[in-house]
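Reading through the structure tokens given below for one structure.
What you see is a predicted model, and the numbers here were worked out from it, not measured in a lab. These values consider heavy atoms only, across backbone and side chains, with no hydrogens, waters or symmetry-generated copies.
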Amino acid sequence: MKFSLADPSLGNTIHSYSERGIVIDSNTYDSSVIVLPDKIIAPWGPTSLKTVEMSDFSILDGLNPDLVILGTGERQQFPSPALYQSLIRAGIGVEIMTTPAACRTYNILLSEGRRAAAALLLK
């Protein structure tokens, strides 16, 4: 799935997504990844929602996003809230959606100048 072009001066932009990879700017990532306007963390530890641990979310605490968008693959699945309680305690919002929706939402928030983090699972 390809997305429309965005202004690269705003930060890291997601250009396309498939189950095999995510294209951010001109680089393809074939594993789970965290994307922020000014930083990319790849690979990000979990390979699927079943393997997400509390420490996978706590890494996001120190990145100071306004909002974390968790993309759970092709299907929307909800992790236990206990896994991301550190984010909630820190006042960081958490939205959970499919990975394609998370990619689109991240790009929209980026274009609005928001400091969002997209934590994207391929599967």
Side-chain angles (χ1 to χ4, degrees):
M1 171 179 302
K2 290 189 178 194
F3 303 104
S4 60
L5 293 177
D7 183 350
S9 68
L10 297 174
N12 294 313
T13 303
I14 301 170
H15 293 279
S16 67
Y17 160 81
S18 74
E19 284 188 3
R20 287 182 271 142
I22 299 170
V23 177
I24 303 166
D25 298 324
S26 60
N27 300 307
T28 301
Y29 298 88
D30 61 359
S31 63
S32 299
V33 62
I34 295 174
V35 186
L36 290 105
D38 59 347
K39 180 181 275 197
I40 297 173
I41 299 173
W44 178 43
T47 56
S48 70
L49 190 62
K50 292 176 185 174
T51 63
V52 174
E53 297 178 1
M54 197 177 296
S55 61
D56 296 318
F57 284 107
S58 24
I59 191 172
L60 292 156
D61 258 345
L63 299 174
N64 301 317
D66 299 327
L67 172 70
V68 171
I69 307 160
L70 175 63
T72 61
E74 288 294 320
R75 290 182 332 129
Q76 184 179 29
Q77 305 170 66
F78 293 91
S80 166
L83 292 173
Y84 55 87
Q85 68 183 342
S86 65
L87 297 174
I88 302 301
R89 284 191 199 135
I92 299 169
V94 178
E95 293 290 333
I96 300 162
M97 54 192 74
T98 66
T99 298
C103 292
R104 290 188 301 271
T105 302
Y106 167 82
N107 282 347
I108 291 167
L109 294 172
L110 179 68
S111 73
E112 294 173 351
R114 301 273 308 274
R115 182 158 174 79
L120 305 171
L121 300 165
L122 293 181
K123 298 178 183 181

Completion exercise
In terms of heavy-atom contacts, Tyr29 and Ala42 come closest through CD2-CB, 3.5 Å

Fill in the blank from the handout: Residues Leu67 and Glu95: closest non-hydrogen pair is CD1-CG, 3.7 Å

Exercise for the section: Determine whether Pro79 and Val52 make a side-chain contact, defined as any pair of heavy atoms from C-beta on separated by less than 4.5 Å. Expected result: no

Handout entry: Side chain Ser55, main chain Ser58, donor-acceptor under 3.5 Å
Key = no

Fill in the blank from the handout: To the nearest 0.5 Å, atom CG of Leu120 lies from atom OG1 of Thr72 at 10.0 Å

Problem - Phe78 side, atom CZ; Leu49 side, atom CG - distance, nearest 0.5 Å - result: 10.0 Å

Handout entry: Donor-acceptor contact below 3.5 Å, side chain Asn107 vs main chain Arg104
Key = no

Practice task
Could you tell me whether the side chain of Leu63 reaches within less than 4.5 Å of the side chain of Ile41, counting heavy atoms only?
Solution key: yes

Handout entry: Within-4.5 Å side-chain heavy-atom neighbours: Arg115 and Asp38
Key = yes

Fill in the blank from the handout: Nearest heavy-atom approach of Glu74 to Thr98 is O-CG2, 3.6 Å

Problem - Donor-acceptor contact present, side-chain Thr47 to main-chain Gly45, <3.5 Å - result: no

Exercise for the section: Mind checking the OG-CD1 spacing from Ser16 to Ile24? Nearest 0.5 Å is all I need. Expected result: 9.5 Å

Handout entry: Gap between atom NZ of Lys123 and atom OG1 of Thr51 - 0.5 Å precision
Key = 11.5 Å

Handout entry: Heavy-atom check, side chain of Asn27 versus side chain of Ile40, under 4.5 Å
Key = no

Practice task
Report yes if the side chains of Leu109 and Ile69 come closer than 4.5 Å at any heavy-atom pair, otherwise no.
Solution key: yes

Practice task
Quick one: closest heavy-atom pair of Pro65 and Ile92, and the distance?
Solution key: O-CG1, 3.6 Å

Identify each donor-acceptor pair in which a side-chain atom of residues 82-90 lies under 3.5 Å from a protein atom, sequence neighbours left out, and give them as a table.
from  : atom 1 : to    : atom 2 : distance (Å)
Gln85 : OE1    : Arg89 : NH2    : 3.1
Ser86 : OG     : Asp61 : OD2    : 3.4

Fill in the blank from the handout: Minimal heavy-atom distance between Ser32 and Leu122, with the atoms involved, is OG-N, 4.1 Å

Completion exercise
Looking only at heavy atoms, the pair that brings Gln76 and Ile96 closest together is NE2-O, 2.7 Å

Practice task
Find out if a path of hydrophobic residues (ILVMFWY) with successive side-chain heavy-atom gaps under 4.5 Å connects Ile34 to Leu110.
Solution key: no

Problem - Connected via hydrophobic side-chain network under 4.5 Å: Val33 and Met97 - result: yes

Problem - Min side-chain heavy-atom separation Arg114-Pro37 under 4.5 Å - result: no

Practice task
Report yes or no: does Asn12 contribute a side-chain atom to a donor-acceptor pair with the main-chain N or O of Leu36 at less than 3.5 Å?
Solution key: yes

Problem - Heavy-atom check, side chain of Asp25 versus side chain of His15, under 4.5 Å - result: yes

Problem - Validation row: Leu121, Trp44 side chains within 4.5 angstrom (heavy atoms) - result: yes

